[in-house]
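Only one structure is covered here, and it is reproduced in the block below.
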Amino acid sequence: MATSLTFTTPKLTNSFSSPSLRTLYSKLSIPLSLSLTLSSSSSFSSSYSSHFLSDPRTLTCLPLYHRRPLSHYRDRRRGFASARADSENGAETTRHYDFDLFTIGAGSGGVRASRYAANSGASVAICELPFSTISSETTGGVGGTCVLRGCVPKKLLVYASKFSHEFEESHGFGWKYEAEPKHDWNTLMANKNAELQRLTGIYKNILKNAGVTLIEGRGKIVDPHTVDVDGKLYSARHILVSVGGRPFIPEIPGSEYAIDSDAALDLPSKPTKIAIVGGGYIALEFAGIFNGLTSSVHVFIRQKKVLRGFDEEIRDFVEEQMSLRGIEFHTEESPQAIIKSADGSLSLKTNKGTVEGFSHVMFATGRRPNTKNLGLETVGVKMTENGAIEVDEYSRTSVPSIWAVGDVTDRLNLTPVALMEGMALTKTLFQNEPTKPDYRDVPSAVFSQPPIGQVGLTEEQAIQEYGDVDIFTANFRPLKATLSGLPDRVFMKLVVCAKTNKVLGLHMCGDDSPEIVQGFAVAVKAGLTKADFDATVGIHPTAAEELVTMRTPTRKIRKTSEGKTDREAKAAAGV
Ligand SMILES: NC(=O)C1=CN([C@@H]2O[C@H](COP(=O)(O)OP(=O)(O)OC[C@H]3O[C@@H](n4cnc5c(N)ncnc54)[C@H](OP(=O)(O)O)[C@@H]3O)[C@@H](O)[C@H]2O)C=CC1
Ligand SMILES: N[C@@H](CCC(=O)N[C@@H](CSSC[C@H](NC(=O)CC[C@H](N)C(=O)O)C(=O)NCC(=O)O)C(=O)NCC(=O)O)C(=O)O
């Protein structure tokens, strides 16, 4: 994480590459008196690129400048004056660059920043490796992790796998089948891959329509304003690194037999029995996918519980519900070796013993920033120990003309956060509006089965930060389970500040949690109180209505005079 950095805040940089001042004024038909005033800022010429001027849509708009009040020009001058400070950043204001922005990596953050920069009038290029479902040093694809190897294909597989539970549920509602429904893996893979091809095409079009130049190849930074793509050099006033991350597999004997999440999304055949190492988002999501598709699933976690960092009750609840669906959890077991038998099956040796007979062993042990061979060390971009690019609050690296967004910075590794960072960067660089991404109350979901949705503080974080909190919980059997006869339950929790009545956190595990929590995240982000929740009428019968009908606190946690919570005080006193 880059929180301890003290880089300077970015200068306002209305920084477009530069046609000559005189030509620009004549094209804009700005009166000489005004142009003289403007020229005193010395950087108006750097405000619009040749691309901007050659765009016919732009030229038809230019006379509008005549009609703008003088204050408009004064405001712009403020921006341009600070653009002069670019020279302090190593960007020569008089130098012509091929592009205002050159982005390396066309994933969520890179695409978002590039197309919004282009929409703001900047000339933009983006480079990306050729498409493949599995990423490598030479393959990637426009769309990046989310679209090609993460959120999207994962969610398609989640949808595929949910049917088996629904078939089971259906019996209690009177459905009978002559034979058990069968799943065809090849159909799923073919349809999923066709969708990925469609999406990468859509993203190429999105870039094209925004006027972004797409260059296929591997980008490498050679100096603070130059990127080499497979031997061809491109200069840019700003360089954005948005290359994301890659799955990380710890080196243990036999790790070459293990698959990662890229491979797990594109297997030639369905696993019969799979070991999944790790207890994070990816591990739980794939455990649900393969369990739903009727593989035998074993999850190995080195902690006592899954999902470190999540609310403790949610951690317990999801593990219990997943176990009830047939997933076997091996807790406090660390992998030591993978052994391949003569029949091709795999065994996983851990600190507690060996489990045999796996067709696949998958590691979901985190992801690492993709910062190798990018030339970052050569130009002096600072990185953390795990290879993440260090950035300030505006996504600026230690080299002033180089910026980074998304997973490569290892801040909050979620697609919507990368989008937010990309948007903020565009505003900072090309809209005269320095903008910091806002990481408060970012909601997130785990598409496990059942899924989790959460926003705001966990109970543990709230106690730490506020001391006195009221906890409201609901743990119930949803209506559907009454006839399905399955042991499915739903858990919900509201964490409320005892002093202000503000809802500090909201957590849910059960069907539709991500969809429900997205809506409630607005309320939490807006700082609404428990009284506001109570004043909202429920929608009946839904699971979500519980969130506005939890009247009595499950527990009230209060700091004692020694600064301990009631709970800690009782534990210390042995009661
Ligand atoms: N739905 C979503 O929004 C999704 C988001 N993501 C994002 O992708 C990123 C990567 O996800 P994921 O891979 O699940 O990573 P996480 O960091 O969430 O989880 C990694 C898991 O692997 C364990 N682990 C790490 N190293 C080892 C090791 N050497 N041996 C055994 N266990 C190990 C960790 O244990 P321990 O807790 O002890 O460190 C942890 O349980 C996350 O940052 C997440 O934000 C991914 C998928 C979906
Ligand atoms: N919420 C929908 C998501 C569907 C969706 O957004 N699909 C995306 C692809 S995956 S999502 C990939 C991700 N897009 C988004 O997250 C879009 C989010 C929202 N629409 C927004 O504009 O903020 C991204 O990488 N964005 C970069 C950028 O927008 O610049 C798409 O392009 N669909 C077109 C189609 O299907 O025809 C669902 O769950 O069904």
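Bear in mind that the values here come from a model prediction, so they are computed numbers and not experimental data. Every number for a ligand or one of its atoms is a count from 1 in the order of the listing.
Within 6.0 Å of CD on Glu545 lie more than 12 heavy atoms contributed by other residues, nucleotides or ligands.
Under the 4.0 angstrom criterion for non-hydrogen atoms, Ser334 is not in contact with ligand 1. Contact annotation: Ser444 has no heavy atom less than 4.0 Å from any atom of ligand 1. Heavy atoms of Lys155 stay at 4.0 angstrom or farther from ligand 2.
The shortest N/O to N/O separation between Phe248 and ligand 1 does not fall below 3.5 Å. Some N or O of Gly279 is nearer than 3.5 Å to an N or O of ligand 1, by distance alone. By the 3.5 Å distance cut-off applied to N or O atoms, Leu414 is not counted among the residues near ligand 1. Ligand 1 has an N or O atom lying under 3.5 Å from an N or O atom of Ala445, backbone or side chain.
Contact atoms of ligand 1 toward Asn413: 7 (C), 43 (O), 44 (C), 45 (O) (distance under 4.0 Å to a heavy atom of the residue). Those atoms of ligand 2 that come under 4.0 Å of a heavy atom in Val152, given as number and element, are 10 (S). Per-residue contacts place Arg308 under 4.0 angstrom from the following atoms of ligand 1 (heavy atoms of the residue considered): 36 (P), 37 (O), 38 (O), 39 (O). Of all the atoms in ligand 1, the ones that sit under 4.0 Å from a non-hydrogen atom of Lys154 are 1 (N), 48 (C).
With Arg115, Met420, Glu195, Glu515 as candidates, the residue nearest to atom 29 (O) of ligand 2 on a non-hydrogen basis is Arg115.
Figure legend: Arg368 and Phe248 shown as a cation-pi pair, the cationic atom lying under 6.0 angstrom from the six-membered ring centre and within 45 degrees of its axis.
Under 3.5 Å, the side chains of Ser347 and Glu356 contain no donor-acceptor pair of N or O atoms.
Atom 13 (C) of ligand 2 is approached by the protein to below 4.0 angstrom, counting heavy atoms only.
At a heavy-atom distance under 4.0 Å, only side-chain atoms of Ile202, from C-beta outward, approach ligand 2.
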